[in-house]
Amino acid sequence: MFGQYVAAQAAAVIAAHGETMTLSRDGEATTISLKGKRIPGSTEETGGSAQAQRFRVKIAPTELLASAWTAKVPSSSTDTLTVGGRPRTVVDWRPLGDGDTVALYELEVVG
């Protein structure tokens, strides 16, 4: 019960303070519009180029669970997250939560 409360509160914070992003997946016909929150101080240039950045984003599982997608969790092999109009490859992800309840997903993206 407490885990569900934490998950609802986390989703509300992301919805209120996040920016609109689009999650797409190879093999899925639709994309998912969602809110995500960049983690402050996590932007890192890769290869000395401002064009390729690596940073983390937190998203709520709400939109994934409501989608028509077969797999209702992120994928580091097939997902792309468009942030600020730029597509970024999801290279890693992990669930954050309480017990068996996932409150947020933390995605590591590059692009």
Side-chain angles (χ1 to χ4, degrees):
M1 193 70 119
F2 181 70
Q4 293 173 342
Y5 172 77
V6 170
Q9 293 302 310
V13 169
I14 296 294
H17 301 287
E19 61 185 290
T20 301
M21 302 176 183
T22 304
L23 188 63
S24 58
R25 177 170 291 165
D26 291 345
E28 294 288 350
T30 60
T31 61
I32 300 173
S33 180
L34 52 83
K35 292 281 190 137
K37 185 74 175 149
R38 294 185 208 203
I39 298 173
S42 64
T43 301
E44 163 188 320
E45 289 184 11
T46 58
S49 169
Q51 299 293 21
Q53 297 176 332
R54 177 181 300 263
F55 58 92
R56 294 175 296 154
V57 175
K58 289 185 180 178
I59 64 170
T62 313
E63 292 86 356
L64 275 165
L65 292 173
S67 75
W69 288 11
T70 305
K72 306 290 187 181
V73 297
S75 171
S76 57
S77 60
T78 60
D79 286 1
T80 301
L81 185 68
T82 302
V83 181
R86 289 184 49 192
R88 304 178 190 267
T89 303
V90 176
V91 294
D92 196 16
W93 65 277
R94 67 184 179 127
L96 305 173
D98 182 45
D100 291 337
T101 303
V102 174
L104 298 170
Y105 288 112
E106 184 177 279
L107 310 177
E108 182 177 355
V109 298
V110 172

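Keep in mind that the numbers below use all heavy atoms, side chains included, and drop hydrogens, waters and symmetry copies. As the structure is a computational prediction, the values presented were derived from the model and not from experiment.
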(request) Nearest 0.5 Å please: distance from the CG atom of Leu96 over to the CG atom of Asp98. (result) 11.5 Å
(request) Please report the shortest heavy-atom distance between Pro61 and Tyr105, naming the atom on each side. (result) CB-CE1, 3.6 Å
(message) For Ser67 versus Leu64, what's the shortest heavy-atom pair and its separation?
(response) OG-O, 2.7 Å
(message) Distance check, rounded to the nearest 0.5 Å: Thr89 atom OG1 versus Arg54 atom CZ?
(response) 10.0 Å
(request) Give a yes or no on whether Ile32 and Trp93 share a hydrophobic cluster (residues Ile, Leu, Val, Met, Phe, Trp, Tyr; joining criterion: side-chain heavy atoms under 4.5 Å apart). (result) yes
(message) When you group the ILVMFWY residues by side-chain heavy-atom contacts below 4.5 Å and let the links chain together, are Ile39 and Leu104 in the same group?
(response) no
(request) Output the distance between atom NZ (Lys58) and atom NZ (Lys37), rounded to the nearest 0.5 Å. (result) 11.0 Å
(message) Using only atom types and a distance under 3.5 Å, with no angle test, would you say the side chain of Arg56 pairs donor to acceptor with the backbone of Glu106?
(response) no
(request) Locate the shortest heavy-atom distance separating Trp69 from Thr30; write the atom from each residue and the value. (result) NE1-O, 3.2 Å
(request) Evaluate the side-chain proximity of Pro87 to Thr82: yes if any heavy-atom separation is below 4.5 Å, no if none is. (result) yes
(message) Please check: side-chain N/O of Arg25 versus main-chain N/O of Ala71, any donor-acceptor pairing under 3.5 Å?
(response) yes
(request) Say whether Val57 and Val13 are linked into one hydrophobic cluster, either directly or through other cluster members, by side-chain heavy-atom distances under 4.5 angstrom. (result) no
(request) Could you tell me which non-hydrogen atom of Thr20 sits nearest to which non-hydrogen atom of Ser33, and how far apart they are? (result) CG2-OG, 3.8 Å
(request) List the atom of Ile14, the atom of Ala60, and the distance in Å for their closest heavy-atom pair. (result) CG2-N, 4.4 Å
(message) To the nearest 0.5 Å, what is the distance between CG on Leu81 and OG1 on Thr22?
(response) 8.0 Å
(message) Count I, L, V, M, F, W, Y as connected when their side-chain heavy atoms are under 4.5 Å apart, and connections chain through other members. Are Val90 and Val73 then in the same cluster?
(response) yes
(message) Is the shortest side-chain heavy-atom distance between Leu34 and Leu23 below 4.5 Å?
(response) yes
(message) Looking at Glu108 and Arg94, would you say the former's side chain and the latter's main chain have a donor-acceptor pair under 3.5 Å?
(response) no
(message) Rounded at 0.5 Å granularity, tell me how far CZ in Arg88 sits from CG in Leu107.
(response) 12.5 Å
